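Okay, structure first, notes after.
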Amino acid sequence: MLLCLSCCMSTRGQDLSKHLVIENGSKNAGYRSKGRHGGTLWHGVRAEITVWNIPDVQPLSSSGAYIAAINKAGGLEFIAAGVHVNPSLYNDNKVHFFTYWTNTSDYSTGCYNKDCPGFVQADGSNLYPGEPFHPPFSTYGGEQRGITIRIKKDEHTGDWSLYREDLGGPIGGMTLLGWWPWSLFKYLSNHAEIIQWTGFISHNYNETSPSMGSGHFSRELEGKAASFNGCFGFDENGYVFEDSYDPITYEDKPDCYNVSKWYVTNHATGRHFFYGGPGSCSEYK
Ligand SMILES: *[C@@H]1O[C@H](CO)[C@@H](O)[C@H](O)[C@H]1NC(C)=O
Ligand SMILES: *[C@@H]1O[C@H](CO)[C@@H](O)[C@H](O)[C@H]1NC(C)=O
Ligand SMILES: *[C@@H]1O[C@H](CO)[C@@H](O)[C@H](O)[C@H]1NC(C)=O
Ligand SMILES: *[C@@H]1O[C@H](CO)[C@@H](O)[C@H](O)[C@H]1NC(C)=O
């Protein structure tokens, strides 16, 4: 860890591994709502995220997938939850569940999990921030494993709650994992302007780039590429946003990591898409 702290400082003196969104060292492939002039005011986001073991993440790089609620009116207010491999954060190469927040556009506030005050873990939570997942994971051409999470504004308190849906639970079939208190934010405490479903890597340029998702491009589709399933947003009344709604792609390096089209179906996975790409992408060697 000490080695890491000295070698992966950005020019602004921050430890890159401690932050999710890094302007020059992170690559995303996902979908997001159209933003403040193109959509509704968002009060929540949910999805099933398939969980893959990602074996090729070097010590100072990371790779994962998350859902996020964002407000940029005052700079950047950003909350996210998902899965990732981040060796310098955990000192291992396991897939971990994570939460993240920041309220400044230079990422000088906020953190992953409970590394700083902010995210509050609920009593009775069945998944704690930073908890490693255990096999079985999704397998290429085989069974897909995932977790289903929901980030939703609590209309009574103004806090943003994080729920897990796939194991059932006492709150409408969900379990409360925790919440980001309203007091962390000035604008996000009213609503999100953008919701996002994103695969990401963060890459130290001295290391080979990690794979994203299953390590296969999105064109391989069901059972082979990683996916976000049942991607829904919640509107200002707290209802699932049902109208015809086309989120826009968000691809930083589509020749290395890309997304499929946005599929709208009536079966359980609802709106879904595939994402990802292999590691050692030549652009980053
Ligand atoms: C990212 O790179 C650009 C161009 O090299 C540079 O101007 C900018 O300051 C960098 N941003 C960060 C956060 O390092
Ligand atoms: C951002 O978070 C910090 C805590 O790290 C808090 O002191 C500050 O008031 C917050 N800023 C806003 C605009 O809410
Ligand atoms: C890459 O390695 C060189 C030489 O060891 C070092 O000067 C540079 O800061 C490193 N860059 C990153 C992004 O870690
Ligand atoms: C993604 O990138 C790969 C490799 O460049 C390409 O073959 C594929 O057509 C792209 N699009 C999708 C949807 O996979």
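Just follow the structure's listing: the first ligand is 1, and inside any ligand the first atom is 1. Starting from 1, each residue takes its place in the sequence as its number. The shown structure was predicted, so the numbers you read here are calculated from the model rather than taken from an experiment.
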Just let me know how T104 lines up against ligand 2, side chain, backbone, both or neither, with a heavy-atom cut-off below 4.0 Å.
-> neither

Residues in side chain to side chain donor-acceptor pair (under 3.5 Å) contact with S211, at least two apart in sequence or another chain | D56

Please list, chain by chain and in numerical order, all residues satisfying ring pair (Phe, Tyr, Trp, His ring centres under 6.0 Å) with Y128, sequence neighbours excluded.
-> none

Select all protein residues for which some heavy-atom-to-ligand 4 distance is less than 4.0 Å, and list them by chain and number.
-> F217, S218, R219, P254, N258, V259

Hey, are the side chains of D154 and W182 touching, using non-hydrogen atoms and a 4.5 Å cut-off?
-> no

Between H43 and E155, is any side-chain donor less than 3.5 angstrom from a side-chain acceptor?
-> yes

Can you find an N/O atom of N103 closer than 3.5 Å to an N/O atom of ligand 2?
-> yes

Under 4.0 angstrom from ligand 2, any heavy atom of W182?
-> no

What are the atoms of ligand 2, with element, lying closer than 4.0 Å to any heavy atom of F185?
-> 14 (O)

Pairing residues for A68 by the side chain to side chain contact (heavy atoms under 4.5 Å, CB included) criterion, not counting sequence neighbours = Y66, I70, F78, A80, Q196

G110 to ligand 2: N or O pair under 3.5 Å?
-> no

Take atom NZ in K224; do more than 12 heavy atoms of anything else shown fall under 6.0 Å from it?
-> no

Any chance you could lay out the side-chain contact (heavy atoms from CB on, under 4.5 Å) test for I54 and V95, step after step, and finish with the verdict?
-> CA-CA 7 Å; I54 308 169; V95 194; 5.5 Å; no

Taking atom types as modelled and ignoring hydrogens, do the side chains of W52 and T50 form a donor-acceptor contact shorter than 3.5 angstrom?
-> yes

Element-labelled atoms of ligand 2 that are located less than 4.0 Å from some non-hydrogen atom of W101 | 2 (O), 5 (O)

Charged N to carboxylate O under 4.0 angstrom, E77 versus K186?
-> no

